[in-house]
Structures are given as C-alpha cells and as structure tokens.
Amino acid sequence: MDARTIKARIEELRSLMKSEGIDAFIFPSTDPHNGEYVPEHWKGREFISGFTGSAGTAVVTMDDAALWTDSRYFLQAEEQLAGTGFSLMKLKIEGTPTISEWLGRKLAANGGTVVGVDGMVNSINTVEALAAELRAEGGITLRTNFDPLAVIWKDRPSIPTDVAIAHPMKYAGESVKSKLSRIREALRARHVEGILVSALDDIAWALNIRGTDVHCNPVVVSYLLITMESATLYINKCKLAPAVMEHLVANGVRTDEYDNAQKGLAKYDGYNILMDPDETCYTLYKAYGDRPKVLAASPVPSMKIVKNETEIMGYRYAMLRDGVAMAKFLRWLVPAVEDGGVTEVSASEELEAFRSEQSLYKDISFDTIAGYGAHGAIVHYEPTSETDIELKPEGLLLLDSGAQYLDGTTDITRTIALGPVTDEQKHVYTLVLKGHIRLAMAKFPANASGTQLDILAREAMWREGLNYLHGTGHGVGSYLNVHEGPHQIRMEYKPEPLRAGMTVTNEPGLYLAGKFGVRIENTMLITEYMTTEYGRFLQMEPLTLCPIDKKPIDLAMLTDEELEYLNDYHATVFKSLSPYLEDDMVEWLADACAPITR
C-alpha cells in the first residue's frame, strides 16, 4: 500500500474524529465474531494502516499513530509502515508501552478525553478491560457506538454472500442433533438456559455446515442462538441454497437474517443466557440489556477440539494425500532451483498445484509462507510480487503451508537446504530439530496443559541463550480453521487441558534477523499412552507424513534417542507414502527417508 494513500486516509479519519469529538480511535484485527482471520469487509486495521499481517492493533490520535503487533510480524510491519506516519510498537519487548499507557501520555499532552472503538468488532472482555485501563490513565472515557469506516471507506467490500454447504456425516462423524444435545447438556450443568454462539468455526462445527466467507477458513458469517427448545441461525438468507435449508430444517434449526441477531436477543425469553466474553462483541452484549447473563467460556470449543473417530480417520487420509503432494514438490524443488528461475512465489504456486491434484482438495489452509534466506527470519513472511526473490542453489528455504480437504486440514513446515549450507545454519537447524523431536517424544499425564510441555521444545535453545517468541503448537480444525483452540503449547499459561483425540502442531523455530530462519512442524494427534497407579498418561503421534530434510543436520548434536526417533519417523513416512508414488518417486523417497547413522 502506498504510504501517501495511508496518510490521506488518516487525515480523513482525523477530520471525522474531530467532528465526532473523539480524540483517538482504535482499530483491532477482529470482526464481530472475534476471528483470527476475517472477511475483507472487516479489515479495518489493514485499511487504515496498510499493515497486512493477521495480528495487530492500530491506534490513531489527532497528531500521532502507532501499531502494536507481535514478533511474527516485526520485520514485515517495519517495511509496510514506513512513511505512513505509524510507529511500530513491538509486543512483549521490554520498554514497549501498552495501548492504554501510550494513549494516556498522548491525550494528556493535548487535553484529549475520549477514545473510540467500534463495539461490533471488539469483544466484551476487550472493551471492559480497555475502559478500566483508560480510566486509570486519567479519566479517559471510551465510546463504543461509532464506526468511522462506515464513512471513510468508500469502496468497502460487502459482507460475504457466498452460498453455504452442508458438511456430510461421512466427514463430520456426529449429527447436528447430537451436537446440539451435548451443548444443551453442558448449559444445564451450568444452570444456563441458552447461549449466543459468535465464533464462526464453532457454528460451522455445531451445525455441520461449511462455506467460503473467510479466506482459507471454510466458515459462514452468522450467529447461532441455542435455547433448550430451539436453535436459530442468523445468516443472510441469500446464502441458504435449498440443500442446506433442508439440512438445517431436518435438524430443527430455524433461520433469520444476519442483521436480526440483536432483535433475536431482545425477544429471547430465557431466564439467563451465556455469552463468551472473549467471543461475543460488545454491541450485542449491550443490546441484551440488564437481564441476567452468564459471562463464561463457551462449552463448544472444548467439544470441537476433541476429534471423533471419523474425523481422526479423515485426518489420516488427508495427511496421506498431502504427504504425496509434499513429496512430489520436494523432489521437484531442488533440481528446479538448480536450473534457475524459481522464486518464492512460483515455488508456492507449484506446491499448491501439486496439492490441487489430490482428491477432496478444496483450498489452501493459509497463505503459504515461503521465506528464502533472510526472508526466512520473518516469522510469517508471505511473498508478494514486490518482495519475491529468486531461489538459489544454496542456503535455506523455510516453507510453511497447508491445505483444506473435505476430510481434514493440514499444516506443515519444512526448512529445506537448496544447496550448501553454513556451519551456523546447520547448528541452528539442528537445535530446532532437537526441540521438535524432544516434544514429539513427550509422555505426559492426561489433563496437563500445553504450557507444561513447552520447555521440551526450547530447552536446547535456552542453553545457548536462544529463543523464539511465537507459540510452539496450536490445534488444527477438521476441515475448519487451521488455528484452533483453546489448547496451545506455548510459554504463556494456557490452562486448557490436553486430552486424547486433540490435534496440536509441534513447530519450534529460530530466526536470525537478516540471515535466515528455521522452523520444523508436524501436526500431531494426542493419544493414550498407558495407565498406571498414578493415572492416565498420553503421548503424541505425528499425523503429518513428509520427509524432514537431513542435509542440514549436525549429527554430533543429536542424542541416540533423538536419532532413533527421526529414523523411525522416516520409516513410517516411507511405508505410508510409497504405495501411492511412481517408481522414480519411490526411489527419491527411499533416499529422503533412509536412516542416518553417525
């Protein structure tokens, strides 16, 4: 985005803010459903700042502007914000003020007292925490009933109108009636008579529907109001083809227009209602009024993240096909780079082409991260026509990618040696591999949290004063969002217990700014390990089937146990993929998966 365009938008915003008596406005990355990835209609932070990363918050005052984002996007944000008037605020870095602290200083200097947010795209918890923080900064008030983008975003994309589809039982593995019954049972246990479900992947899971409303995430823009007697889906009716209407009616689900969600809440006659304060937008919360509410975590995510047998089998089949596509791509890559002309973008396109040949393929599960050389140190770098560079037969390519298949979602990262690598690259690569293997070998008590396991992936790095600031693992949906929670493996405390049947990624990394980056990722399935007098213990089984590049490994750094794990994993990859490959590909795979010895 041209910096002059961003500056012009900021000036138009400031003119509007002045007329509305607003001294600062905050633009989050979310939508009315608090999604990580959002439809174009709600990409207001990107519109006002030009920053295209998936996470960040932009703040504009009458004389300054700043954007907060995490370590995945530091380098990208610095490039995209240059010349726009926005300063970069690096989250979790010592000395970085919070948004409230920064606003407190800025507004104190110019006498401002009012900060604005759009209550439709900010959750209950976000607004209430922000309001309290701003009061503590000198009595600053928070206005939530104004959306400046409705005025200044002249060509704003419409809310998606693509048709929804029913997700077949042969992939879902559980009926809508069964899921609604389980949700109602969970509500009764909490003495609650209804729930407003706002998270789009929760709605898609509960109703066995899918769509194309969010890039790479097969969800449908809607709300779902569940009571003990009924369920109402608030959705633009143009999205409901006869087949999906029949599906909903057969499962006792009523429908109403998307914009009628507030009216539906007004008519709700239950004694109380559950609203997840991290998912429900503040505007709907206020629209419900002063009637009894239970602000608590929705029970749906904890149901959705434990996969049934049908879903687990779907993952296995999807990962098998994805592994075939990855193997074909990896065999193509190095010779093609040696011939010349391959770039980050063209490599990404080639990989997508291999995947699209596989049955049940629907889409990529996120925009491919293909970072060569120094670009690999940009944690969530996505090559564009402006940043695209040619791959050379040397150094490392970090490739993080995935696909959406009707029977499962995939997420895999491989760091690939395109030719000779330096001793430093080998050392860093092997540290990451050690972390990946140590976590993959973990045995742990049922209901442990991911935070308790996180050190396994980092310990070897920490011994050398190295670290990465992103999470080590996240859940993966079943033909749903590639990032699924609430369970995670990361340094920050995440209390959701790990249970058998969950998927979780294993993706440690290290990033040397200006040099290169390394990340190795498999999607794992948590399974039973053993039961002793001390209780049940769990383990993780890799679902991902793809060779891990052996060329950059410093064998002296691996323990015998780590080496054995890697050889066993490669034996599984070869046994699983080879029946689906042609003879010349089998020969390549045999070499890629051959055991390594000292």
Quick check: does any side chain N or O of [X] sit under 3.5 Å from a backbone N or O of [Y], one acting as donor and the other as acceptor?
| X | Y | value |
| --- | --- | --- |
| Arg210 | Asn217 | no |
| Ser346 | Val342 | no |
| Tyr315 | Leu525 | no |
| Gln404 | Cys216 | yes |
| Asn34 | Ser123 | no |
| Thr472 | Arg490 | no |
| Glu562 | Arg438 | no |
| Asn251 | Val253 | no |
| Ser29 | Gly56 | yes |
| His33 | Ser198 | yes |

Within 6.0 angstrom of [X] [atom1], more than 12 heavy atoms from elsewhere:
| X | atom1 | value |
| --- | --- | --- |
| Tyr565 | OH | yes |
| Glu587 | CD | no |
| Glu582 | CD | no |

Of the non-hydrogen atoms in [X] and [Y], which two are nearest, and what is the gap between them?
| X | Y | value |
| --- | --- | --- |
| Cys281 | Tyr223 | SG-OH, 4.3 Å |
| Ser222 | Ile235 | CB-CB, 4.1 Å |
| Glu507 | Thr505 | OE2-OG1, 2.9 Å |
| Val221 | Asp213 | N-OD2, 2.7 Å |
| Pro552 | Thr430 | O-OG1, 3.7 Å |
| Cys238 | Val163 | O-CG2, 4.2 Å |

Rounded distance [0.5 Å steps], [atom1] in [X] versus [atom2] in [Y]:
| X | Y | atom1 | atom2 | answer |
| --- | --- | --- | --- | --- |
| Thr415 | Glu521 | OG1 | CD | 10.5 Å |
| Leu233 | Met245 | CG | CE | 9.5 Å |
| Phe366 | Asp411 | CZ | CG | 4.0 Å |
| Tyr372 | Leu396 | OH | CG | 8.5 Å |
| Leu397 | Ile369 | CG | CD1 | 11.5 Å |
| His375 | Leu391 | NE2 | CG | 11.0 Å |

Checking side-chain polar atoms at under 3.5 Å, does [X] have a donor or acceptor matched by the opposite partner on [Y]?
| X | Y | answer |
| --- | --- | --- |
| Thr343 | Asp388 | yes |
| His215 | Asp367 | yes |
| Arg414 | Asn522 | yes |
| Arg355 | Ser401 | yes |
| Ser298 | Asp276 | no |
| Thr527 | Glu541 | no |

Do NZ/NE/NH1/NH2 and the carboxylate oxygens of [X] and [Y] come within less than 4.0 Å?
| X | Y | answer |
| --- | --- | --- |
| Glu40 | Lys43 | yes |
| Glu528 | Arg499 | no |
| Lys239 | Asp162 | no |
| Glu496 | Lys494 | no |
| Glu174 | Lys307 | no |

Classify the ring geometry between [X] and [Y] as parallel (under 30°), tilted (30 to 60°) or perpendicular (over 60°).
| X | Y | answer |
| --- | --- | --- |
| Tyr73 | Phe51 | perpendicular |
| His483 | Tyr37 | tilted |
| Tyr479 | His167 | tilted |

For this session: Determine, step by step, whether His41 and Phe47 satisfy the ring pair (Phe, Tyr, Trp, His ring centres under 6.0 Å) criterion, reporting the C-alpha distance in whole Å, the side-chain angles of both residues, the deciding distance to 0.1 Å, and the verdict.
Result: CA-CA 10 Å; His41 177 81; Phe47 171 83; over 10 Å; no
Exercise. Between Ser175 and Ser178, does a side-chain hydrogen bond (donor to acceptor under 3.5 Å, both in side chains) hold up when you go through it step by step?
Worked result: CA-CA 5 Å; Ser175 70; Ser178 172; 4.6 Å; no
For this session: Return the set of residues passing ring pair (Phe, Tyr, Trp, His ring centres under 6.0 Å) with Tyr405 (not counting sequence neighbours), or none when no residue passes.
Result: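 Ring pair (Phe, Tyr, Trp, His ring centres under 6.0 Å) check on Tyr405 returns Tyr361.
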Problem set entry | Those residues that, when tested against Lys550, pass salt bridge (charged side-chain N to carboxylate O under 4.0 Å, His left out) (two or more places apart) |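 Once residues adjacent in sequence are excluded, Lys550 has no partner under the salt bridge (charged side-chain N to carboxylate O under 4.0 Å, His left out) criterion.
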Exercise. With sequence neighbours left out, what residues match Asp407 under salt bridge (charged side-chain N to carboxylate O under 4.0 Å, His left out)?
Worked result: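 Only Arg321 meet the salt bridge (charged side-chain N to carboxylate O under 4.0 Å, His left out) criterion with Asp407.
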Exercise. Does the separation of the ring centres of His436 and Tyr569 fall below 6.0 angstrom?
Worked result: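 No, the ring centres sit 6.0 Å or more apart.
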Exercise. How about Tyr468 and Tyr511: are their ring centroids closer than 6.0 Å?
Worked result: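 Judged by ring-centre distance (under 6.0 Å), Tyr468 and Tyr511 do not meet the cut-off.
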For this session: Would you kindly check if the NZ (Lys) or CZ (Arg) of Lys443 is within the cone defined by 45 degrees around the ring axis of Phe537 and under 6.0 Å from the six-membered ring centre?
Result: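 No; the conditions do not both hold, so Lys443 does not lie above the ring face of Phe537.
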For this session: Among Glu382, Glu46, Gln80, find the one that has a side-chain hydrogen bond (donor to acceptor under 3.5 Å, both in side chains) with Thr52.
Result: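 Output: one option passes, namely Gln80.
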